[in-house]
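Here is the structure we will look at.
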Amino acid sequence: MTKPATSALPGVLEARNPVSKAQKTSTRSSDGRPVDHGLPVRGARRVAAYTFMFFTGMWLSKTVHPLYFDAHDDLVNFGLSYTAMAIAGTTSVFIGRLSDRVGPRPVLIAGTVLYSIGMSLRIVHDSSFVAVASGLVAGVGASSVFIGLRTWTLHNTTEVQRAGIVSRREFMNQAGTALGMGTAGALAAFIGAGDRGYVLVLLMAAGCVLSGLLLIPPTDTSTVPAGQAKSSEAGFATVFRQHKALALGVAGLGLLMGSYVSILSPYLPLLLAERGVPVALVGVVLAAASVVRLTAAALAGKYLRERSPMAVFLVSESCCAAATLILALSVSPWLAACALAVRGAFLLGATISQELLQLRAFPSGLAGVLFGLVQSAFLAGDSLGGAVGGWLYHQLGSSHTVLIATGLTLANALLVPTFYGRLRKVAEADPERQSAHATS
């Protein structure tokens, strides 16, 4: 979302008209919006810690969940739970609308509780009903958390601060994922053989997520101007009629990104093995790729603060397409491994910069519903890509399928900057719309 047209002025004016110490300590302007004086963002450390705990718990559970169900020959119920969670995730647009009306903090609280309940229900492996209920509750909870974190970022930061906040959040995401995946099996074995180890790890994961309630950051509701509050009360028909191009654009781009990611990601171990990487080292290569992504996330904030998110996205997504092409054509196992690691780093850069573009473009009174629309579209694309991907691999082989993924990635690299660049030009050409957008 773009900041007000005057948001770039304080830094210039301060150089000419030094402000008092009392003014520098103020983090809000007279109309209630955040003002960047180079001070830390209130609640930023809580957001980082919350993200780490949430993703650690998520991946502890996601790693042990299929192993536990498989030990009891109940993988059908696991599949039902997974499908139900994906279906629940497509309701994100409604959760986002709720976030616009009540604010991100209540949505984060509700999402945390619901996700931990859904995770706890995974200890029941022999009931299809409980498996579906677990997936539905966890899916709604996870979607609420993802939307809550993004809308909190929009309402509580300036455009200058967002690159650091989003990249730090992504770093904690990667760190929590690595810790959860890396320790889940060892924890289950250490606690005890059989059901005891699996059940305790699943409950530990739920407790890890639930502990995030202590870390949810505050949200100052005074940052919501009257015009924004009015927008947040409008119905869905009004929202999509007034912002039709924006809604259709973000939905289409979300569908595209979900499709090409799911065509490739689930089959990465197979791709590496087909290109000659020894099966015993496939896990090592994937772990090394995770370390590269973690390093990229640690460096992304400073890099993005000094550069345009649109330029970073174009370069990152184009390089991601090039790395995917190398993965498709590679005849050397270690070249394929390097291409995978490089692709992961650039994909992370594209993900962060695209969120920054969304934060700049979305009217803050409608940010929740638009983020929800992006998330729903991405999950729909993820389902579509997952369904088509297996058929493509079977009919065309891995090389041709990865070439298709390369083409979709390149298309995304061109369409995203074109879309957000067009939005900016339309806003600049229409002073009335630009003024309305600035107040939100």
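What you see is a predicted model, and the numbers here were worked out from it, not measured in a lab.
- The closest donor-acceptor contact from the side chain of N156 to the backbone of W152 lies under 3.5 Å.
- At a threshold of 4.5 Å between non-hydrogen side-chain atoms, the residues Y393 and V402 count as touching.
- Nearest heavy atoms, V93 versus S376: N-OG, 3.3 Å.
- A donor-acceptor contact shorter than 3.5 Å is absent between the side chain of S316 and the backbone of F313.
- Rounding to the nearest 0.5 angstrom, the gap separating the CG atom in L210 from the CG atom in L203 is 11.5 Å.
- Across all their heavy atoms, A206 and S120 have their closest contact at CB-OG, 3.4 Å.
- When atom types are taken as modelled, the side chain of S81 and the backbone of N77 share no donor-acceptor pair closer than 3.5 angstrom.
- To the nearest 0.5 angstrom, Q161 atom CD is 11.0 Å from T153 atom OG1.
- A heavy-atom distance below 4.5 Å is not found between the side chains of D126 and H72.
- Considering all non-hydrogen atoms of both residues, A44 and I165 come closest at CB-CD1, 3.5 Å.
- The two atoms that bring S318 and L314 nearest to each other are OG-O, 2.6 Å, heavy atoms only.
- Put simply, CZ on R343 and CG on L327 are 7.5 Å apart, with the number rounded to the nearest 0.5 Å.
- Using modelled atom types, one finds a donor on one side chain and an acceptor on the other under 3.5 Å when comparing S61 with R122.
- Here the side chain of S143 pairs no donor or acceptor atom with the backbone of V140 at under 3.5 angstrom.
- For the pair Q174/L348, a side-chain contact is recorded, criterion being any heavy-atom separation below 4.5 Å from C-beta on.
- F362 has its side chain within reach of V374: a pair of non-hydrogen atoms, C-beta onward, lies under 4.5 Å apart.
- The backbone N or O of V369 lies less than 3.5 Å from a partner atom in the side chain of D100, making a donor-acceptor pair.
- By the 4.5 Å heavy-atom criterion applied to side chains, F419 and L246 are counted as neighbours.
- With hydrogens and angles ignored, the 3.5 Å screen pairs no side-chain donor or acceptor of R46 with any backbone N or O of L215.
- Scored by the side-chain hydrogen bond (donor to acceptor under 3.5 Å, both in side chains) test, S134 finds no partners at all (sequence neighbours excluded).
- Taking the six-membered ring where tryptophan is involved, the planes of H125 and Y68 are perpendicular, since the angle between them exceeds 60° and thus also 30°.
- Expressed to the nearest 0.5 Å, how far CD of Q354 lies from CG of L347 amounts to 10.0 Å.
- Side-chain contact between N412 and L408 is absent, with no heavy atoms from C-beta onward closer than 4.5 Å.
- Looking at T90, its side chain does come within 3.5 Å of a backbone N or O of I87 through a donor-acceptor pair.
- For the residue pair P217 and L108, the shortest heavy atom distance occurs at CD-CD1, 4.4 Å.
- Of all heavy-atom pairs spanning G421 and M310, the tightest one is N-CE, 3.5 Å.
- Here CG of L149 is found 5.0 Å from OG1 of T51. Values are rounded to the nearest 0.5 Å.
- To the nearest 0.5 Å, atom CZ of residue R97 and atom CD1 of residue I147 are 12.0 Å apart.
- T409 pairs by the side-chain hydrogen bond (donor to acceptor under 3.5 Å, both in side chains) definition with nothing, not counting sequence neighbours.
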Would you please test M172 and F55 for side chain to side chain contact (heavy atoms under 4.5 Å, CB included) and show each step?
CA-CA 8 Å; M172 291 301 182; F55 281 97; over 6 Å; no

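- Judged purely by distance below 3.5 Å, without hydrogens or angles, the side chains of N173 and T177 pair a donor atom with an acceptor atom.
- In this structure, R105 and H155 have side chains that are not in contact, with every pair of non-hydrogen atoms separated by 4.5 Å or more.
- Using a 30° and 60° split on the angle between ring planes, Y50 and F54 fall in the parallel class, below 30°.
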Full working for side chain to side chain contact (heavy atoms under 4.5 Å, CB included) between L67 and Y198:
CA-CA 8 Å; L67 298 174; Y198 289 135; 4.0 Å; yes

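- Judged purely by atom type and a 3.5 angstrom limit, S353 uses its side chain to pair as donor or acceptor with the backbone of A350.
- With a 4.5 Å cut-off on side-chain heavy atoms, L255 and F378 do not count as touching.
- Judged as a side-chain hydrogen bond (donor to acceptor under 3.5 Å, both in side chains), and not counting sequence neighbours, S211 has no contacts.
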Run the side chain to side chain contact (heavy atoms under 4.5 Å, CB included) test on E355 and E170 for me, step by step, so that the C-alpha distance in whole Å, both residues' side-chain angles and the decisive distance to 0.1 Å come before the verdict.
CA-CA 11 Å; E355 183 173 336; E170 189 61 33; 5.9 Å; no

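- Environment of OH in Y82: sparse, with no more than 12 heavy atoms of neighbouring residues, nucleotides or ligands closer than 6.0 Å.
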